[in-house]
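Below: the structure, in structure tokens.
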Amino acid sequence: MSSVYEIAPDIFRISTFVPEANLQFNQFLIRDEQPLLYHTGQNALFPAVRAAVESLIDIHTLRWIGFSHNEADENGALNHWLDAAPHATALSGLLAAVTGINDNISRPPRILEDGDQLCLGRHIVRFLVTPYVPHSWESTLLFDETESTLFCSDLLLQRGNPAPVDEAVLDAAIHDLQEGQQTPFRDPIPCTPHTQPTLMRLAALRPRCLAIMHGASYQGHGDAVLAEYAAALPRILAP
Ligand SMILES: [Fe+2]
Ligand SMILES: [Fe+2]
């Protein structure tokens with residue numbers, strides 16, 4: 001069973017807590033003339049996430065499906081979604097397409113480049129190519145310019161089952177990053193020459209809402225949160 005919460009006007013957070021992982025898996029739906037789902041969730045989550053999406057829109061109107069990088073929680077259930085939503089097209093960067101989904105996807109994605117904008121109706125989203133942020137080289141992110149909402153993927157991951165929105169996401173994320181260094185899940189965000197400039201580029205967008213894949217979303221001064229996160233990463237992660 002997934003829960004639904006509106007984190008910004010017509011931007012909905014769909015959240016499923018998986019106790020075995022002590023982690024929430026969140027997808028986000030932008031409800032507009034051309035609805036967009038960001039993150040598909042894994043195959044196992046598809047029935048629950050589909051039910052949540054159907055509570056918000058007619059699934060046949062779903063137009064776009066976005067994701068950050070090639071991992072199961074990002075785009076694992078992509079073909080289920082393409083089957084269920086016959087008018088939907090996946091959005092992908094070139095690298096994610098040629099290194100992953102082109103080999104598995106049931107119909108071709110639309111390839112976007114850095115800075116490309118897409119008008120969904122009232123919402124305009126901008127595609128951001130963000131190599132190695134949050135981790136792999138094909139990583140991209142998405143920014144809703146209309147509602148100043150940044151879809152952060154794995155950035156600011158918080159463990160547990162927090163409320164949909166929390167003002168303390170930064171403290172929780174830094175704590176969990178430090179704790180994670182003692183586990184096999186250490187160094188989830190590689191510290192590369194791209195890390196700081198990319199995070200500061202995201203901060204410069206001055207997002208009012210951070211739509212985070214694992215854990216609570218944030219409403220407020222997203223630029224300050226991202227800048228502090230950028231400053232903290234080199235102190236915690238291996239160089
Ligand atoms: Fe990831
Ligand atoms: Fe993730």
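Indexing begins at 1, ligand by ligand and atom by atom, following the structure's order. For reference, positions follow the sequence shown, starting with 1.
- Of the candidates Phe12, Trp81, Phe127, Phe151, Tyr38 forms a ring-ring contact (aromatic ring centres under 6.0 Å, His included) with just one, namely Phe151.
- The name of the N, O or S atom in Asp73 nearest to the Fe ion (ligand 2) is OD2.
- Distance check for Glu71 against the Fe ion (ligand 1): an N/O/S atom falls below 2.8 Å.
- For Met213, the nearest N, O or S atom to the Fe ion (ligand 2) falls under 2.8 Å.
- In terms of distance to the Fe ion (ligand 1), the nearest N, O or S atom of His135 is named NE2.
- What you find for Phe67 and Thr140 is that their closest heavy atoms are O-OG1, 3.4 Å.
- Counted by atom type alone, His39 and Asn26 present zero donor-acceptor pairs between their side chains at under 3.5 Å.
- Neither Val169 nor Phe17 shares a network with the other; the hydrophobic side chains, linked directly or stepwise wherever heavy atoms of I, L, V, M, F, W or Y lie under 4.5 Å apart, form separate groups for each.
- Between Asn75 and the options Thr40, Asn70, Asn104, a side chain to side chain donor-acceptor pair (under 3.5 Å) holds for only Asn70.
- Not one N/O/S atom of His39, from backbone or side chain, sits under 2.8 Å from the Fe ion (ligand 2).
- Judged purely by distance below 3.5 Å, without hydrogens or angles, the side chains of Glu147 and Thr149 never pair a donor atom with an acceptor atom.
- Because the distance cut-off is set at 2.8 Å, Asp154 qualifies as a neighbour of the Fe ion (ligand 2) through one of its N, O or S atoms.
- The atom name of the N/O/S atom in His214 closest to the Fe ion (ligand 2) is NE2.
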